[in-house]
There are 2 protein chains.
Amino acid sequence: MLFQAPILERRSSHVKLGGVTTRARRSERRTDALSKERIVETAIEILDAEGENALTFRALTTRLATGAGAIYWHVANKNELLTAAADDVIAAVMAGVVDTSEPEETIRAIALGLFDAIDAHPWVGAQLAPEPWTGLLQIFEGVGVQIQALGVPPAAQFNSASALVNYILGVAGQNAANARVEMGGGDRTAFLAKVADRWTERDPVDYPFAHQVAPQLRDHDDREQFLAGIDLILAGIATLR
Amino acid sequence: MLFQAPILERRSSHVKLGGVTTRARRSERRTDALSKERIVETAIEILDAEGENALTFRALTTRLATGAGAIYWHVANKNELLTAAADDVIAAVMAGVVDTSEPEETIRAIALGLFDAIDAHPWVGAQLAPEPWTGLLQIFEGVGVQIQALGVPPAAQFNSASALVNYILGVAGQNAANARVEMGGGDRTAFLAKVADRWTERDPVDYPFAHQVAPQLRDHDDREQFLAGIDLILAGIATLR
DNA sequence: ACCTGAACACCGTTCAAGT
DNA sequence: ACCTGAACACCGTTCAAGT
């Protein structure tokens, strides 16, 4: 599976440039010119390595060895930067999906690709505004075409695609929120155990379902559960035919 | 439909207290004591009236006629404040849902209640972290019990409830994101028209589904579409029996 | 126990000035 | 055209000091 975009793997060599001897040491100016692409790329590196809160213009200027104004010359504001970063990740996923001739299978591939990408870049889940955001459009389009191929009646296609996309975005948002919390320490199982503990702390009379389901919560696989939800919606869509 | 909590309607009378003549005018101290409840209540007022960005500790201290330290005595930090505010809204919805003897109907009532609440308080959609957050547990429990009543096999109950909840959260997140964008002006139809325009700007060859569906996007009803998604998932769950 | 409010360590963003 | 970096107007949070 190659859901990682080339742009994400390309490492820029701007941090240390010890080889340049003609350059005065104190100025440490980068060799390659600034560009929106390079800025977004660096932003993704920071977001992936240190989380959402670590992405500041000061952190960016340090890593890019430039001034704040330089960044603003290429990017309107922080929001545009975050959107562009998320779009990059989404675009890489959608480009990597291979279109099987089986629509349901392709939908699963899109969904899992997005799941894995957001698992690797949880901050993407927090960037879901449908404004300049082309990522959302791409997801919608990718899913929608498969819905058409599935033979869903035209009148129901919009709602069907919307259901799938909203479900995917819901999981994405949860992943982002979880990552924000988990950032401060332990592994996944420890985290789930803590949530399950909190659930079972409550009165079983008031929260019977939480109690019954807590053991499953403890050792479920997020990815499997995500896919089960996709299948559930696909099963629902199948009843429309 | 009474999905509005009592706490949300109770207007506190702290802004102007002209009747108090013994109080020195310049100090304008509030009459009632500070409490976490009152702070959360005021936070909700600000969030509803002016949006997420308007909720600052300075805005709070002004409205509550107090100092920053006073708020921190009752509330650990801003995140706890936001979580408490969201929990209040969710709790009000869940308390207002009447349990019909028909599980699918009750699930629809929960879902619509949450939809309406988040429509009225879009900032809630951005507070979905499953950490101290009891709101998420309440939703999960409310939905889960109905899933049990529906006769879904125990092994599939966790995934079924999870699918519904994640779908609801996805829509909630979208609503929050939309509200953030819409804050700066126009009505709902103007907003949808703008999104639809953006969709149809693209090449129809690359985005056939977006083009086909743009007219529906233009005049669809969010609430209806949301419910259609719930029904789709319920139809999928029905196939499990 | 509860509150005050100045101070601290940050933010995103702007802009006159440089090349 | 592109970049510099100080300055501005904010933030959330802390804390010595008051009652």
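Side-chain atoms are counted along with the backbone in the values below, which use heavy atoms only and exclude waters and symmetry mates. Chain naming here is simple, since letters A, B, ... match the order of the sequence lines and numbering starts at 1 in each.
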Under-3.5 Å N/O pairs linking protein and nucleotides 13-19 of chain D:
{"from": "D:dT13", "atom 1": "OP2", "to": "B:Y72", "atom 2": "OH", "distance (Å)": "2.7"}
{"from": "D:dT13", "atom 1": "OP2", "to": "B:K78", "atom 2": "N", "distance (Å)": "2.9"}
{"from": "D:dT13", "atom 1": "O5'", "to": "B:Y72", "atom 2": "OH", "distance (Å)": "3.0"}

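- Scanning for side chain to side chain donor-acceptor pair (under 3.5 Å) contacts around B:R58 gives an empty result, with sequence neighbours left out.
- The side chain to side chain donor-acceptor pair (under 3.5 Å) contacts involving residues 162-173 of chain B comprise A:Q225-B:S162, B:S162-B:N166, where partners must be two or more places apart or lie in separate chains.
- When rounded to the nearest whole Å, the span between CD of A:E52 and C1' of C:dG12 equals 16 Å.
- Spacing of P atoms, D:dC2 relative to C:dA17, comes out at 22 Å, to the nearest Å.
- We find that A:E45 and A:R63 are joined by a salt bridge, their nearest charged nitrogen and carboxylate oxygen being less than 4.0 Å apart.
- Every residue was checked against the side-chain contact (heavy atoms from CB on, under 4.5 Å) condition with B:N53, not counting sequence neighbours, and none meets it.
- With sequence neighbours excluded, the residues forming a ring-ring contact (aromatic ring centres under 6.0 Å, His included) with B:F57 are B:Y72, listed by chain and number.
- A:I71 has its CD1 atom 10 Å from the P atom of D:dT4, to the nearest Å.
- Distance from the side chain of B:T56 is smallest to D:dC11 among D:dC11, C:dC11, C:dC3.
- With sequence neighbours left out, the side chain to side chain donor-acceptor pair (under 3.5 Å) criterion links A:H220 to A:D222.
- Residue contacts shown for A:L81 are absent, as no nucleic acid heavy atom lies under 4.0 Å away.
- Partners of A:A54 by side-chain contact (heavy atoms from CB on, under 4.5 Å), not counting sequence neighbours, listed by chain and number: A:I46, A:E50.
- For the OP1/OP2 pair of D:dA1 and a distance below 4.0 Å, the side-chain nitrogens and oxygens of A:H74 include no atom meeting the criterion.
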Requested in this report: Convert the base pairs of DNA chain D into dot-bracket notation, remembering that pairs crossing earlier ones are written with [ ] and that bases paired across to another strand are shown as |; include only Watson-Crick or G-U pairs under 3.5 Å.
Outcome: ||.|||||...|||||.||
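- Applying the side chain to side chain donor-acceptor pair (under 3.5 Å) criterion to A:T189, with sequence neighbours excluded, gives A:D187.
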